[in-house]
Amino acid sequence: MATILNFRNKERASSAHDFLTDETEKLSFRTAEDGVVSIGEMSSACLPSPLPDPRKDWRNQELADLFRVRQLLIGAGVPVETMRGITDEGDPWFIYCHFNGDVFIHMARIDGIYVLDSPNVRRPLRGADFNALIADFTTDALPTFKSTGDDDDTKRRVVRLERGGKVRLHPSAMLAALIWTLFLASEELVLLTPEDHATTDDDLLDFSDMIFPAGFEIHTVETESADIASLTSADAAKDLSSDILNTEAQVQIRDGATTGQQGLAMHQNAFAMGLSTIAIAMGFMSEAVLLDNQRKVLDGLKALGFTGDGADAQDADLTGIADNAQDSAFLAKLAEFLGIDLVIGDEQAEVAQIAPKTSVLQDDLTHLGDEVLTADKGLPPTKVIPPSAFQDKNTEAKTPVEGTDKASRAADALTPAKATETATSAEAAKDSTKISSLSEAIQVWQQTQAKDLHVGVIEIKADLDMSITDAYALFTLRETPGEAQSEVPTASTFDPMSQRLIDFFMSKGSDIGIIDQANGFLAVDREAVKSGDVTYMEWETDDGKLIGLIGFASDFQQFDMIA
Amino acid sequence: MLAELHKSTPEENKEQRATFGLWLKALREAEGLSQRDLADRLSLDYYTFISQLENGRGKIPAHRYAEWAIALGQEPKDFVKTLLRYYEPLTYQILFEEEQAG
């Protein structure tokens, strides 16, 4: 029986019109001794290879984005499994699965076109890149969400990302928000544990049953009475620091892990809220969903005893905060999710009332001026901050860092806006000013010139008049508490990127404020903030410090910091 | 009497599906089809789904069992029986354990 050759269309192959147009042309076949049939005069190199082309696999950046999406989902309290492969033609695919193996997102790149499919879309999404996929979803494929009663797309709050615009989101963040939306819309969400107990439609934030495998035990501790050493035990710290995948949720799902359930709940909700916020801004999700979740978060906080702000937080009333929750909570979560720490600090707050070892540090830092530190006040209490899912590498229990109580921060929304009614803001009055933008939040903070901020029970030092050199020296000195520094690090000791930043600010000569963070600092160009045209950048130095910069986009371009 | 039943672990499920994927791939190759060809026969939106199945992830939709059997040149009844063996091993065991024992 004859062997039929299957001719596939190739991009660089001649078109059908060119094939055998001349009547004198002939197509000959040659049979090799081993029986392999080939086209007579064509070399084997011209024939399609039976093996997939590895060059068609996912690019490194694409893989990074896809795995980042996975991390964000895990951070949102929804551990997922992923898998990828290549077809026989070399087209790559990538899937996100539940723990039970069910696939809820299938992504692929077929002939250069991206495809995303989910049980919760009417048809597979297609686009030339991730942004196009998202655009396809928002314009056409939104299927199963309950109508909010407003079918007019023009009234939907949608953030349009344009070149040179003021809002920039990482592609993986948007993709994660899309996948998060599809996940929430999954009908299987309420059917995962039908044998155990009845689930309701209100259990969107309760992932405990679906996250943790059967037989897993959660050990909870009371946050306020928690032994910090045990919470940051060698095992937990080792787990947290050894692998980028050891997020909070991952630690939770390890058998016998000991951690604060309250902290986990807040950590999950912070990422979930961030993803939901982006999803709403991009038009994926109804606001009703987020508001409902937000109410659940606030109710949960009340039940757990986390209330208000200030040193005497226990008696604070959440209602004032709840009144502003819509805008301020959105911004706080979005800022946190995007890595912009307005209040500083990292996730998973546990207050360590460690006696501050301030004498040596304080002496060394007196050159910064009395405005920064007062003689009768030590440095803020230090505590151990477990690493975040993506960045923080400070996992040593003895490393003194500043941080914030995450639960208090979540309940407190934008603390600077609240803690500035008086100079001594230990019992800051509730600020009823609505903060409608990130720049406005920074402006309010700057205007008040607050030196002492209280978030929960944590006292935070912030100074916007500190020079960038001093700021860098400050957190460098804090790396080695108790050890006298022979000299303050000079500009020549900085790594090249930090040096570039310092040179940039020094040459600019504008009004620069520095916000000291747990693992770095944030420099704010006040002129840019006032103009409202701000761009945010963050990068990591060679020694693991995070430097954030808020300023004019044109300045960044001038110094080749952005394209 | 029915044999003592035990719930499959996730690892067992994965192993079952991986084995099923290999079987599916063998059927396709025996039919001389590429993954794209099979996807075209089944009018699938994207042929990468075939690759996903052959790697042991996902399931053939139940309402299309017969179509898949025909596309792969298999007898639907035998095809579905094999599907059941991989997808629902406990159910398969209940239904066909006497046949297996015999």
Side-chain angles (χ1 to χ4, degrees), chain A residues 1 3-9 48 50-52 56-58 79-111 113-119 121-126 133 141 195 212-216 253, chain B residues 5-64 71-73 83 86-91:
Chain A
M1 186 175 183
T3 301
I4 301 175
L5 295 178
N6 189 11
F7 293 93
R8 297 197 187 94
N9 293 331
L51 298 175
K56 295 179 71 176
D57 195 2
W58 294 110
V80 295
E81 291 184 346
T82 59
M83 186 175 182
R84 68 185 185 102
I86 303 177
T87 67
D88 54 0
E89 293 181 18
D91 289 321
W93 53 269
F94 194 100
I95 57 175
Y96 296 87
C97 313
H98 297 298
F99 267 162
N100 60 5
D102 292 341
V103 178
F104 67 93
I105 294 290
H106 177 107
M107 287 193 65
R109 192 184 69 228
I110 301 173
D111 301 331
I113 302 299
Y114 291 87
V115 177
L116 187 151
D117 196 18
S118 167
V121 292
R122 276 197 219 103
R123 56 162 180 79
L125 308 176
R126 296 182 189 275
L133 280 180
E195 309 92 355
F212 308 114
F216 171 70
I253 66 175
Chain B
L5 301 177
H6 67 279
K7 193 172 181 181
S8 300
T9 64
E11 289 72 23
E12 289 175 348
N13 288 336
K14 288 181 183 178
E15 190 177 333
Q16 289 282 347
R17 294 192 183 182
T19 307
F20 167 78
L22 293 174
W23 173 74
L24 199 68
K25 181 178 180 181
L27 290 182
R28 175 180 62 78
E29 290 178 343
E31 196 67 10
L33 300 172
S34 68
Q35 292 174 345
R36 194 185 291 261
D37 293 335
L38 180 58
D40 290 340
R41 281 193 181 186
L42 294 165
S43 301
L44 298 179
D45 290 322
Y46 45 94
Y47 82 102
T48 49
F49 180 64
I50 304 295
S51 180
Q52 175 197 308
L53 287 177
E54 292 180 355
N55 279 271
R57 292 290 185 154
K59 281 184 173 182
I60 297 174
H63 64 280
R64 303 201 68 187
L72 290 169
L83 279 189
Y86 290 110
Y87 284 169
E88 300 290 340
L90 297 178
T91 305

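Chain letters run A, B, ... following the sequence lines, proteins first and then strands; every chain starts at 1.
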Legend entry - Spatial distance of atom OH (Tyr46(B)) from atom CG (Asp111(A)) [nearest 0.5 Å]: 15.5 Å
Legend entry - Pairing residues for Asp40(B) by the side-chain contact (heavy atoms from CB on, under 4.5 Å) criterion, not counting sequence neighbours: Arg36(B)
Inset, instruction - Sequence neighbours left out, what passes ring pair (Phe, Tyr, Trp, His ring centres under 6.0 Å) with Tyr47(B)? Give chain and number order. - result: none
Legend entry - Close contacts, residues 54-64 of chain B versus chain A, judged by heavy atoms under 4.5 Å: Asn55(B), Arg57(B), Gly58(B)
Legend entry - pair His106(A)-Thr48(B): side-chain heavy atoms closer than 4.5 Å: yes
Inset, instruction - Report, by ascending residue number, the residues of residues 15-32 of chain B in heavy-atom contact with chain A at a distance under 4.5 Å; give 'none' if the set is empty. - result: Arg17(B), Arg28(B)
Inset, instruction - Report yes or no: does Asp88(A) contribute a side-chain atom to a donor-acceptor pair with the main-chain N or O of Ser34(B) at less than 3.5 Å? - result: no
Inset, instruction - Under 4.5 Å heavy-atom distance to chain B, tell me which part of Arg126(A) shows up: side chain, backbone, both or neither. - result: side chain
